[in-house]
Amino acid sequence: MTEVSETTVAAPKWVPGMKSPNPAGRPKGTLSKRDRVAQALNDDAPEVVRKVIDAALAGDMTAAGLVLSRIVPPIKAQAERVQFELSEGAPLSDQASQILQAVSEGKLDADTARILITCIQSVAGIRAVEDLEARIITLEAKQV
């Protein structure tokens, strides 16, 4: 068996301005693998695009979907504007109940109700943090 020396030389930490710890490294201007692939794709891109468009025109629905997705942005669902009043001073649980009541009466759609209840949950979380902070401040003041 051969013995291996336990002393290893750690690479020095590189800092801007110091000589390269690897002077035989990649020469300046040499492209990385990623850059070479990107360059090859850019070189062939016009031909690829033309082929996809031709396939779409020939009836290939997958190609047509790809072309259309680049031309026309997808349609996003938009909720209608609603006139809805919440009892501002009421507890948050009562406000959520008001929203559910409005849904059951057909005054509010379910998606909008879900968004509103999520907002109420966020407010409840913020209030809980504020209350906790106030309690901690009070407790710390008593200890002093």
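Being a predicted model, the structure only gives us computed values, none of them experimental. The figures here come from the full heavy-atom set of this structure, side chains too, leaving out hydrogens, waters and symmetry mates.
Summarising the local packing, CD of Glu133 is surrounded by 12 or fewer heavy atoms from other residues, nucleotides or ligands at distances under 6.0 Å.
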Begin with the C-alpha distance, continue with both residues' side-chain angles, and end with the deciding distance and a verdict on side-chain contact (heavy atoms from CB on, under 4.5 Å) for Leu100 and Ile117. CA-CA 9 Å; Leu100 293 176; Ile117 289 176; 3.9 Å; yes

Under the side-chain contact (heavy atoms from CB on, under 4.5 Å) rule, what do Ile99 and Ile120 come out as? Steps first, then yes or no, please. CA-CA 10 Å; Ile99 292 169; Ile120 288 174; 3.5 Å; yes

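Both Leu57 and Val72 are part of a single hydrophobic cluster, where members link through side-chain heavy atoms under 4.5 Å apart. Under the 4.5 Å side-chain heavy-atom criterion for grouping Ile, Leu, Val, Met, Phe, Trp and Tyr, Ile53 is connected to Ile71 within one hydrophobic cluster.
Closest approach of Gln98 to Ser87, counting heavy atoms only: NE2-OG, 2.8 Å. Of all heavy-atom pairs between Ala56 and Val67, the closest is CB-CG2, 4.3 Å.
Counting heavy atoms from C-beta outward, Gln39 and Asp43 have side chains that approach closer than 4.5 Å.
Note that the CG atom of Leu132 and the CZ atom of Arg127 stand 16.0 Å from one another [nearest 0.5 Å]. Distance CG/Leu139 to CD/Gln143: 6.5 Å, rounded to 0.5 Å. One finds the CG atom of Leu92 at 11.0 Å from the OG atom of Ser122 (value rounded to the nearest 0.5 Å). Atom CG in Leu66 sits 9.5 Å away from atom CG in Asp60 (nearest 0.5 Å). The structure places CD of Gln95 at 5.0 Å from CG of Leu86, a figure rounded to the nearest 0.5 Å.
Under a 4.0 Å N-O distance rule, the pair Lys51/Asp54 does not qualify as a salt bridge.
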